[in-house]
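For reference, the structure discussed in these notes is given below.
Just so it is clear: chains get the letters A, B, ... in the order the sequence lines come, proteins before strands, and each one is counted from 1. Note that the coordinates shown come from a computational prediction; the quantities given were computed from them, not determined experimentally.
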Number of protein chains: 2
Amino acid sequence: MNIEVGKQLRAVRTAFGLSQRELAKRAGVTNGMISLIEQDSVSPSVGSLQKILAALPMTMADFFTRDMEAGGDVVYRAKDLPDVGTGDIQYRLVAASKPDRKMSILWETYEPDTDTGEDLLTHSGEEGGVVVEGELEVTVAGNTWVLGPGDAYYFNSRLPHRFRNTGKQPARIVSANTPPTI
Amino acid sequence: MNIEVGKQLRAVRTAFGLSQRELAKRAGVTNGMISLIEQDSVSPSVGSLQKILAALPMTMADFFTRDMEAGGDVVYRAKDLPDVGTGDIQYRLVAASKPDRKMSILWETYEPDTDTGEDLLTHSGEEGGVVVEGELEVTVAGNTWVLGPGDAYYFNSRLPHRFRNTGKQPARIVSANTPPTI
DNA sequence: TTGCATCGTCAATTATTATTAACATAAATC
DNA sequence: GATTTATGTTAATAATAATTGACGATGCAA
């Protein structure tokens with residue numbers, strides 16, 4: 001009967017792009033149970049909730065820490081990136097309004113029709129990047145955008161995500177991760 | 001039947017210095033239920049666990065983030081504090097082996113027979129300090145030490161704690177908190 | 001000792017969760 | 001349009017959590 005849990009589970013499940021039946025199958029519970037939980041008409045045992053979250057995957061601690069909202073601040077269009085360059089060198093700052101970020105850099109190339117795989121990525125930390133050349137489809141928490149040169153992204157890495165080159169030529173991006181993966 | 005939860009609840013409850021019956025009364029559940037949970041012979045509903053944790057108080061996210069072990073590294077005796085001073089000024093470093101700490105400072109005086117109150121303190125962040133003068137009784141996670149001049153402490157502030165001057169003269173300490181409370 | 005209070009545990013019952021197996025709806029395929 | 005396949009919901013049942021009320025053990029006081 002405790003509110004919150006059902007709504008949170010539904011938000012998380014849809015963010016991972018799974019149906020109730022798919023999630024139930026992976027978790028080893030029934031689809032009906034997930035339906036009842038999401039309607040807050042039952043309070044699941046922590047054992048059941050752990051099985052369900054493990055199938056996403058997600059930890060209990062993350063589940064009960066609701067900073068999972070994508071909140072619109074995911075995509076930053078090229079024209080909206082503030083120029084903080086000085087002198088001859090030009091820097092365009094991504095997600096300038098978000099404080100307390102810790103970063104490091106990667107240079108990536110996606111050949112046509114390649115992506116980060118069937119399963120959605122999800123891990124701790126934050127990540128962001130800028131498309132330099134070509135066209136990149138970005139999916140975060142169930143929302144999909146197609147980015148062109150100069151467009152950028154920034155999100156919490158716990159949100160399930162996927163990158164895909166949907167264009168005819170290689171796509172190149174400059175990306176940043178935290179904590180540093182390299 | 002999922003291990004972990006029972007042991008964690010017992011650790012947390014005893015750290016708060018409560019009996020099963022006391023906690024059950026505050027939480028609005030039965031003492032038998034808490035006994036069964038702690039033995040991992042049932043998997044409580046998240047509603048029940050939330051009621052129990054709310055009575056401590058503790059959040060679900062904190063409960064499932066088990067960095068709650070006091071682990072012996074709570075009390076640092078005067079003779080064990082490494083001297084990192086340079087030149088005329090002497091600094092003795094508390095908890096030198098623990099990385100990633102963020103600090104700020106307080107100067108406190110406890111008159112004889114005063115303490116931080118009946119209810120145990122518990123909040124986010126970390127705190128540490130050094131007794132400068134007098135005698136201070138420190139209780140953390142159910143363990144009690146009496147510290148004299150030069151002795152020091154350091155612990156996660158989520159562990160329930162209490163300070164008390166058990167001596168005949170004022171007790172003075174230098175303490176540090178994070179995040180800065182002043 | 002004896003009595004009294006508190007502790008944690010446990011069998012039996014009650015209340016709730018979890019499963020089974022259906023249903024209704026909507027979108028895709030023939 | 002009819003058929004199939006997927007979606008989320010729900011009544012009835014089975015399985016499990018939660019309560020009740022007891023028990024033995026321990027510590028303290030009379």
Side-chain angles (χ1 to χ4, degrees), chain A residues 1-58 60 63-64 118-120 139 141-144 160, chain B residues 1-58 60 63-64 118-120 139 141-144 160:
Chain A
M1 322 305 194
N2 204 313
I3 205 167
E4 293 297 344
V5 171
K7 291 189 178 98
Q8 177 74 349
L9 179 57
R10 177 158 296 183
V12 167
R13 174 178 62 81
T14 56
F16 274 81
L18 297 177
S19 69
Q20 290 182 345
R21 281 181 163 84
E22 277 177 42
L23 178 55
K25 185 180 169 188
R26 296 191 191 184
V29 300
T30 59
N31 61 302
M33 190 66 241
I34 291 181
S35 175
L36 294 172
I37 294 171
E38 291 187 354
Q39 295 171 84
D40 281 312
S41 46
V42 298
S43 178
S45 73
V46 322
S48 296
L49 187 56
Q50 282 177 325
K51 284 199 292 184
I52 292 167
L53 295 183
L56 288 171
M58 173 173 288
M60 292 287 278
F63 182 83
F64 286 99
E118 191 112 331
D119 292 329
L120 295 166
T139 301
N143 301 311
T144 298
Chain B
M1 321 300 197
N2 204 313
I3 203 166
E4 294 296 344
V5 171
K7 292 190 178 96
Q8 177 74 352
L9 179 57
R10 177 158 296 183
V12 166
R13 174 179 62 82
T14 55
F16 275 81
L18 297 177
S19 70
Q20 291 182 344
R21 282 181 162 83
E22 276 177 42
L23 177 55
K25 186 179 167 188
R26 296 190 190 184
V29 300
T30 59
N31 61 301
M33 189 66 242
I34 291 181
S35 175
L36 294 173
I37 293 171
E38 291 187 353
Q39 295 171 84
D40 282 312
S41 44
V42 298
S43 178
S45 74
V46 322
S48 295
L49 186 56
Q50 281 176 325
K51 284 200 292 184
I52 292 167
L53 295 182
L56 287 171
M58 173 173 287
M60 292 286 278
F63 182 83
F64 285 101
E118 192 112 331
D119 292 329
L120 295 167
T139 302
N143 301 312
T144 298

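In this structure, the separation between CZ on A/R10 and CD on A/Q39 is 6.5 Å, given to the nearest 0.5 Å. Between B/T30 atom OG1 and B/L36 atom CG the span is 8.0 Å, to the nearest 0.5 Å.
When rounded to the nearest whole Å, the span between CD of B/Q39 and P of D/dA17 equals 13 Å. Residue B/D40 contributes atom CG, which lies 14 Å from atom C1' of D/dA17 at whole-angstrom precision. C/dA11 atom C1' lies 15 Å from atom CE of B/M33, rounded to whole Å. As a whole-Å value, the separation of B/R21 CZ from D/dT20 C1' is 12 Å. Rounded to whole angstrom, the span from the CG atom of B/L49 across to the C1' atom of C/dT17 amounts to 16 Å. Distance A/E22 CD to D/dG8 C1': 13 Å, rounded to the nearest Å. In this structure, B/L36 atom CG and C/dA12 atom P are separated by 14 Å, rounded to whole Å. D/dA17 atom P lies 16 Å from atom CD1 of B/I34, rounded to whole Å.
Look at B/S19 and you'll find a side-chain N or O under 4.0 angstrom from OP1 or OP2 of C/dC7. Contact annotation: B/Q20 side-chain N/O to C/dT6 OP1/OP2 distance is not under 4.0 Å. Distances shorter than 4.0 Å separate none of the side-chain N or O atoms of B/R13 from OP1 or OP2 on C/dC7. Residue B/S48 has a polar side-chain atom (N or O) positioned under 4.0 Å from OP1 or OP2 of D/dA18. Distances shorter than 4.0 Å separate none of the side-chain N or O atoms of B/S43 from OP1 or OP2 on D/dT16.
Remark: side-chain polar atoms of A/R21 are not paired, donor with acceptor, to backbone N or O of A/N31 under 3.5 angstrom.
Within 4.0 Å of B/S45, counting heavy atoms only, lie sugar-phosphate atoms of the nucleic acid but no base atom.
One N or O donor and one acceptor, one from the side chain of B/N31 and one from the base of C/dT9, sit under 3.5 Å apart.
Residue B/Q8 comes nearest to B/F63 through the heavy atom pair NE2-O, 3.0 Å, listed as atom of the first residue, atom of the second, then distance. Considering every non-hydrogen atom in both B/L9 and B/I52, the closest pair reads CD1-CG2, 3.9 Å.
Here the nucleotide nearest the side chain of A/R10, chosen from C/dC10, C/dC7, D/dG8, is D/dG8.
Between A/V29 and B/E38, the residue anchored nearer the 5' end of DNA chain C, judged by the nucleotide with its closest heavy atom, is B/E38.
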